[in-house]
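Structure record follows, encoded as structure tokens.
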Amino acid sequence: QVRLVESGGGLVQPGGSLRLSCEASGIIDNLFSDCTMGWGRQVPGEQRELFTTITRAGKGYIRDSLKGRFNISRDNTKRMVYLQMDNLKPEDTAVYYCNADCRYYSNTLHGFWGQGTQVTVSS
């Protein structure tokens, strides 16, 4: 059982910024540092897309189209993962989800998602 709770979404004007947070709890409490964390987003009617990850060692990966605008980070002590979003565009409007992949610890512990937080970019 892994619980992921996102927060920080909201309405922002184009060009604005938001910082999303994800708090992990449950069986992940003592193995958070063994998990690759990530963020995905989904528009209604479309598939959810995992667009950025950060490894247990803190190495980040992000979709090329989002480089320079989005940045993922983590705090293993607090079991938190963050997504800093800058220069937001209307096409960034989506529900944003936190993801956990803990297969470093066990090959069954992956595919965990939070409930999502809505980000709306509009004037």
Taking the side chain as every heavy atom from C-beta outward, state whether Leu66 and Thr52 have any atom pair closer than 4.5 Å.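 Not in contact.
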Within the 4.5 Å heavy-atom criterion, are Tyr82 and Ile54 side-chain neighbours or not? no
Audit row: Met80, Ser21, side-chain contact (heavy atoms from CB on, under 4.5 Å) steps and yes/no: CA-CA 7 Å; Met80 297 285 290; Ser21 299; 3.8 Å; yes
Would you give the length of the straight line joining atom [atom1] of [X] to atom [atom2] of [Y], rounded to the nearest 0.5 angstrom?
{"X": "Arg3", "Y": "Ile27", "atom1": "CZ", "atom2": "CD1", "value": "14.0 Å"}
{"X": "Thr36", "Y": "His110", "atom1": "OG1", "atom2": "NE2", "value": "12.5 Å"}
{"X": "Thr55", "Y": "Tyr61", "atom1": "OG1", "atom2": "OH", "value": "6.0 Å"}
{"X": "Leu11", "Y": "Thr93", "atom1": "CG", "atom2": "OG1", "value": "8.5 Å"}
{"X": "Phe32", "Y": "Arg56", "atom1": "CZ", "atom2": "CZ", "value": "12.0 Å"}
{"X": "Gln1", "Y": "Ser25", "atom1": "CD", "atom2": "OG", "value": "8.0 Å"}

Short side-chain donor-acceptor distance under 3.5 Å, Thr108 and Ser106: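 A donor-acceptor contact under 3.5 Å links the two side chains.
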ILVMFWY network linking Val121 to Trp39, side-chain heavy atoms under 4.5 angstrom: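 Yes.
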Tyr97 and Val81: same hydrophobic cluster, using ILVMFWY side-chain contacts below 4.5 Å? no
Measure from NZ or CZ of Arg63 to the centre of the six-membered ring of Phe70, then state whether that distance is under 6.0 Å and the direction lies within 45° of the axis.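 No, a cation-pi geometry is absent between Arg63 and Phe70.
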Walk me through it: do Met85 and Arg69 pass the test side-chain contact (heavy atoms from CB on, under 4.5 Å)? CA-CA 6 Å; Met85 304 186 293; Arg69 296 200 300 121; over 6 Å; no
What is the minimum heavy-atom distance between [X] and [Y], and which atoms define it?
{"X": "Gly16", "Y": "Val12", "answer": "CA-CG2, 3.7 Å"}
{"X": "Phe51", "Y": "Leu83", "answer": "CZ-CD2, 3.7 Å"}
{"X": "Phe112", "Y": "Leu4", "answer": "O-CD1, 3.6 Å"}
{"X": "Val43", "Y": "Ala94", "answer": "CG2-CB, 4.1 Å"}
{"X": "Thr120", "Y": "Gln118", "answer": "OG1-NE2, 3.3 Å"}

Do Asp101 side-chain atoms and Arg103 backbone N/O form a donor-acceptor pair below 3.5 Å?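 Pair found, side chain donor or acceptor close to backbone of Arg103.
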Side-chain (Thr53) to main-chain (Met37) donor-acceptor, under 3.5 angstrom: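 Not a single qualifying donor-acceptor pair exists.
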Would you find more than 12 non-hydrogen atoms of other residues, nucleotides or ligands less than 6.0 Å from Gln47 atom CD? no
Only one of Gln115, Glu23, Glu6 forms a side chain to side chain contact (heavy atoms under 4.5 Å, CB included) with Cys98, so which one is it?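 That would be Glu6.
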Pairing of Lys67 and Asp64 as salt bridge, 4.0 angstrom limit: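 Yes, charged N to carboxylate O under 4.0 Å.
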Would Ile28 and Tyr105 satisfy side-chain contact (heavy atoms from CB on, under 4.5 Å), going step by step from the backbone distance to the final call? CA-CA 10 Å; Ile28 201 174; Tyr105 180 82; over 6 Å; no
Walk me through whether Asp34 and Cys102 qualify under side-chain contact (heavy atoms from CB on, under 4.5 Å). CA-CA 6 Å; Asp34 293 329; Cys102 307; 5.8 Å; no
Which residue, Arg74, Lys78, Arg79, forms the side-chain hydrogen bond (donor to acceptor under 3.5 Å, both in side chains) with Asn76? Arg74
